[in-house]
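These notes concern the structure reproduced below.
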Amino acid sequence: MTHIDVLNELAKRRGFFFSANDSYGGLAGFYAYGPMGAALKSNIENSWRTKFVIGEGHFEISTPTISPSPVFKASGHLDGFDDLLISCSTCEISYRADHLLESQHTLLESPDVSVKEFKKLLSKYSLTCPSCKNTLDDSTLQEFNLMFATKVGPGSQTPGYLRPETAQGIFVEFPRLSDYARGKLPFGVAQIGTSYRNEISPRKGLTRLREFTQAELELFIHPTDLGPEINPTTTKLPLYSVSQQESNGNIEFVTPTEAIDQNIIENRWLAYYLELSANWYDSIGIDLTRFRYRQHMPNELAHYASDCWDAEVEIDGDWIEITGFAHRGNYDLSKHNTHSSADFTMFIPLDEPQEKLQTNLNPDMGYFGPTFGKLTPEILSKIDEMASEDSTIFDSPELSVEIDGTTHSILSECLHPTTEKVTVTGEHILPHVIEPSFGIDRIIYSILAHTFHEDIVDGEARSLLSLPSSISPIFVGVFPLLTRDDLDVVAQDIASNLRTSGLSVLYDESGSIGKRYRRQDEVGTPFCVTVDHQYFEDQTVTLRERNSALQIRVDVDSLSALLENLRNGSSAFFDL
RNA sequence: GCGAUGGUAGUGUAGUGGUAUCACGUGACCUUGCCAAGGUCACAACCCGGGUUCGAAUCCCGGCCGUCGCACCA
């Protein structure tokens, strides 16, 4: 068995995670977290919240997992849903059908059609397999389903979709959120929740799920905001940039300020979050020596992103993506601004109000309406644009305006331009978005893989999870050394007291004392308290630290305060 | 989705056309004076459906799930 097999076995046996619905044969891509996993997940989410929401002064919201189809039409996800895969019947390699049609027949628009309609197209335009050069006439077509669809309401035809990312919930509610931020940039909005993707092939346990948990932060910034000044630190980020990937394949270790100065990372906000996140990963047990930030190659950038870095961890020789840091520009807000009736812009006041000359065209609508029909508004706004660049255009008797490749002639006498002085106090802008998007399930898996160890204590093998005490499912185990002489009564009493202090406590009196330590080592419990006979002489108990298996004696009265300090990090065991 | 391969107590395994091996585990009791000790007893499994057969967990077919490779991953 490999290391990772041992870990998966442990996860099943001790209640971290396991395939869901197993009683009914299971369903690929859906996992359940057991008692240990659910506690760990909750602790990790809280740690993220403390760092990225509270620590950064951002807002957290919670939006529905189901939204109506226009939302995803706007976001571009619905078009992804319509993609067709075409498989060559000879060599069995699959391609995106629309991409193939575009490249082999230089069609500009990707045909957004069903399987049936595409088959008709196929009889008109023949395609050849790029790999084996055979014709694709009798190849199989299949829809590439990505989003889970549902119908909303009884007998309703209103289609809805389960969100493929939590981000859209933030973008859709942006008009209210910007009001809530009182119109000031930058501001950040976060959401922790489940997202759904109907993956073709879920694999490798928690690393590709069909229902998964994301912790996403959308930082809304002014388009000209290049990011904060970054305090020089000694933190070296392991960067794997596009140029490194193309050349020697080595990771560079540079500080955030060096990365900016050397133009490895263009946007300072991205560098800022890469550093903040590296510190967080370290605090929750990711091994930073098996970690890198990899920049997306130009051809793998998402449709919305101008730059993207993935945090990746090494597990059994594979690099697993655990977070994406994307510069989404104004893609999402501009799409929703266009598709919805709401206003997704923000009004940003200028430092100083400016006097500006504004031209009013005062068009003769008796001429424009009958002559240009529906094109009128577009033509007028184009003239407006031209006039703002060149105020002399009305001097000639005719104006030429080009709309969609057609040139229209306009009689100048039908316009009666006037100019007036207006005071401009600000402008409407679409903010840009910096998005760190964390995959919580993959992070959980990575932490378990990176903290799992097998070592020897007193000549006996043991397995342990060296989880940071801030996220351990159980914080302290409490045991009686023996189940007699009232040791168990005292131990139960201590356990109950510690619980009232809000600590996660496990009481165990089964088996030998050594076995109980091993049980807790295996689920990452950082401390164990054992009550022995010396308690009756001086009211002290032993406190054992997990990784070292070392013990000290502690006064029962100070136990709960001491453990709380160990948990929140204000004390360290080895200083005691 | 395609190809290969597998599915036996909670976990890991042995094995077979006639209901199943072993270990760990879990529980109870005894024991136990600090790192998976010992004893007794108990708990607990052939992925699902169909076919062949007197009889299927075993053979055949289909499905589901796992692993690996290919493809896909907005």
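In the text below, chain A, chain B and the rest are named by the order of the sequence lines, each starting its count at 1.
Heavy atoms of A/Thr542 sit under 4.0 angstrom from at least one base atom. Across all strands shown, A/Asp532 has heavy atoms under 4.0 Å from base atoms, whether or not it also approaches the sugar-phosphate. Looking at heavy-atom distances under 4.0 Å, A/Ala28 makes contact with sugar-phosphate atoms alone, never a base. Within 4.0 Å of A/Glu165, counting heavy atoms only, lies no atom of the nucleic acid at all. Using a 4.0 Å heavy-atom distance criterion, A/Arg544 is classed as a base contact. Contact annotation for A/Gly205: backbone-only contact, meaning every heavy-atom pair under 4.0 Å involves sugar-phosphate atoms and none involves a base.
In the set B/U11, B/C34, B/U26, the nucleotide with an atom closest to the side chain of A/Glu9 is B/U11. Out of B/G1, B/C34, B/U32, the shortest distance to the side chain of A/Arg203 is found at B/G1. Minimum atom distance to the side chain of A/Arg208 is reached by B/C73, of the listed B/C35, B/A36, B/C73. With B/C72, B/U31, B/G12 as the choices, the nucleotide that has an atom nearest any side-chain atom of A/Thr483 turns out to be B/U31. For A/Leu27, counting side-chain heavy atoms from C-beta on, the closest listed nucleotide (B/C65, B/U11, B/U26) is B/C65. Nearest nucleotide to the A/Arg13 side chain, out of B/C35, B/G33, B/U11: B/U11. Set against B/U26, B/G33, B/C35, the side chain of A/Asp485 has B/G33 as its closest nucleotide.
Note: CZ (A/Phe18) to C1' (B/G7) measures 19 Å, nearest angstrom.
Searching all strands for a Watson-Crick or G-U wobble partner of B/C41 with both distances below 3.5 Å returns B/G27. B/C22: Watson-Crick or G-U partner is B/G12, with both key distances under 3.5 Å. The base-pairing partner of B/C46, taking Watson-Crick or G-U wobble contacts with both distances under 3.5 Å, does not exist among the strands shown. Of the nucleotides present, B/G51 is the one that pairs with B/C59 by Watson-Crick or G-U wobble criteria, both distances under 3.5 Å. Nucleotide B/A71 forms no Watson-Crick or G-U wobble pair with any nucleotide shown, as no partner meets the under 3.5 Å limit on both distances. For B/G66, the paired nucleotide is B/U5, the pair qualifying as Watson-Crick or G-U wobble because both relevant distances are below 3.5 Å.
Considering every non-hydrogen atom in both A/Gly285 and A/Thr451, the closest pair reads O-CG2, 3.6 Å. In terms of heavy-atom proximity, A/Glu314 sits nearest to A/His450 at O-NE2, 2.9 Å.
Along RNA chain B, the nucleotide closest to A/Gly29 and the one closest to A/Ser512 are compared, and the more 5′ of them pairs with A/Ser512.
By the stacking rule of 5.5 Å between ring centres and under 30° between planes, A/His533 stacks on the base of B/G33.
For A/Phe574, the CZ atom sits in a packed shell: over 12 heavy atoms of surrounding residues, nucleotides or ligands are nearer than 6.0 Å. Atom CD of A/Gln534 has more than 12 neighbouring heavy atoms from other residues, nucleotides or ligands inside a 6.0 Å radius.
A/Tyr331 and A/Ser306 share no donor-acceptor pair across their side chains, judged by distance under 3.5 Å alone. Donor-acceptor pairing under 3.5 Å is lacking for the side chains of A/Gln520 and A/Arg546.
As rounded to the nearest Å, B/G15 and B/C22 have P atoms that lie 14 Å from one another. Taking atom C1' on both nucleotides, B/C46 is separated from B/A36 by 30 Å, rounded to a whole Å. The same atom, P, is picked in B/C47 and in B/U11; the two are 13 Å apart, to the nearest Å. Between B/U53 and B/C60, the distance separating the two C1' atoms is 12 Å to the nearest Å. B/G6 and B/U40: their C1' atoms are spaced 39 Å apart (whole Å).
B/U21: glycosidic angle beyond 90° from 0, hence anti.
A cation-pi arrangement, defined by a distance under 6.0 Å to the six-membered ring centre and an angle within 45 degrees of its axis, is absent between A/Arg294 and A/Trp319.
At B/C68, one or more side-chain N or O atoms of A/Lys204 fall inside 4.0 Å of OP1 or OP2 (strictly under the cut-off).
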